Amino acid sequence: MMIATWNVNSLKVRLPHVLDWLADKAPDLLALQETKIQDENFPAAELAAAGWQAVYSGQKTYNGVAILSRPGAEPRDVVVDLPGFDDHQRRVLAATYGDLRLVNLYVPNGSEVGSDKYAYKLQWLEHLRRWLAEELAAHPLLAVVGDFNVAPEDRDVHDPEAWAGSVLVSPAERAAFREILALGLHDAFRLFEQEGGHYSWWDYRAAAFRRNRGLRIDHILVSDALRARCRACAIDTAPRGWERPSDHAPVYAVFED
DNA sequence: ATGGTCGTTGGACGA
């Protein structure tokens, strides 16, 4: 079984990339973020024609999440948005496939440390942690995936000195990330790779991808029981080099059945 | 070089 996550930065623009990647990798589940598309405009027919069904929660211009799956693996117990957190931004989508619970997140970016958006991000992460505790208690096989907008450690940052203290790496954001891991979740990528230099996002500006000046901010977190089945986790940097790419690369994990 | 480039829009704003 393969599950994957990809911030596509507009599904309308990136649909050809998504279809190409699905055809090549054939994951069982693909979580998408920043679809930037309202539900009535979601390309469900185009995806269905390629053999994929979708659940989605979108809005105009910003945010938006979706999960693609194969027909036959019916999504159950779909949750939209963080329970108990009054928020119109479409950033959360969860569904159960067989005995696997998948939580798809587009964590707020935070803009700048000290800004209102930064405070909102930290508050959002606190509510996320509380909800994930409940999800973990209810679902032994839990995967929490998406764009976390947090680079957990300095080895996840191309230039830690230049980035020190700024949004995506600040101590408070990293502490919030660690508290989520402390619930009993594991960063699947770090089960297999300890070196730095592996990133999932590169700024569009200043030829950042060509120079591999990136951050690892897209993650697949797995519960204890799911970790026991995890056989691989990797970042597919190839699509970041395609024509008119997303600024994020897909991350995927493989599990023993 | 204190910016750079995208996407959504139809002038900025968010990332």
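This one's a predicted model, so the numbers in the text were calculated from it and none came from an experiment.
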For this session: Please report, rounded to the nearest Å, how far the P atom of dC6(B) is from the OH atom of Tyr62(A).
Result: 19 Å

Problem set entry | Rounded distance in Å between the P positions of dG3(B) and dG7(B) | 23 Å

Problem set entry | Residue closer to the 5' end of DNA chain B, Ser10(A) versus Lys117(A) (nearest nucleotide) | Ser10(A)

For this session: Rounded to the nearest angstrom, tell me the gap between atom NZ in Lys60(A) and atom C1' in dG7(B).
Result: 13 Å

Problem set entry | Rounded distance in Å between the P positions of dT2(B) and dG10(B) | 31 Å

Exercise. Which comes earlier along DNA chain B counting from the 5' end, the contact point of Asn109(A) or that of Asn9(A), where each point is its nearest nucleotide?
Worked result: Asn9(A)

Seminar exercise, completed: Rounded to whole Å, the CG-C1' distance (Asp147(A) to dA15(B)) equals 10 Å

For this session: Would you kindly give the NZ-to-P distance between Lys121(A) and dA15(B), to the nearest whole Å?
Result: 10 Å

Seminar exercise, completed: Rounded to whole Å, CZ of Arg14(A) lies from C1' of dT8(B) at a distance of 12 Å

Seminar exercise, completed: From CZ of Arg213(A) across to C1' of dG4(B) the rounded distance in Å is 12 Å

Problem set entry | With Cys233(A), the side chain to side chain contact (heavy atoms under 4.5 Å, CB included) member among Val251(A), Asp187(A), Ile3(A), Val222(A) | Val251(A)

Problem set entry | Joint cluster assignment, Phe189(A) & Ile180(A), ILVMFWY side-chain distance < 4.5 Å | no

Seminar exercise, completed: Here the distance between atom C1' of dA15(B) and atom CH2 of Trp202(A), to the nearest Å, is 16 Å

Exercise. Under 4.0 Å between a side-chain N/O of Arg205(A) and OP1 or OP2 of dA15(B), yes or no?
Worked result: no

Problem set entry | Sugar-phosphate only, base, or nothing, as touched by Tyr106(A) at under 4.0 Å among non-hydrogen atoms | sugar-phosphate

Exercise. Which one of Thr5(A), Asp147(A), Asn7(A) satisfies the side-chain hydrogen bond (donor to acceptor under 3.5 Å, both in side chains) criterion with Gln33(A)?
Worked result: Thr5(A)

For this session: Find out if a path of hydrophobic residues (ILVMFWY) with successive side-chain heavy-atom gaps under 4.5 Å connects Leu142(A) to Leu102(A).
Result: no

For this session: With the side chain counted from C-beta on, respond yes when Leu105(A) and Val145(A) share a heavy-atom pair under 4.5 Å apart, and no when they do not.
Result: no

Exercise. When the C1' atoms of dG4(B) and dA15(B) are considered, how many whole Å apart are they?
Worked result: 14 Å

Exercise. Could you state the CZ-P distance from Arg211(A) to dG4(B), rounded to the nearest angstrom?
Worked result: 15 Å

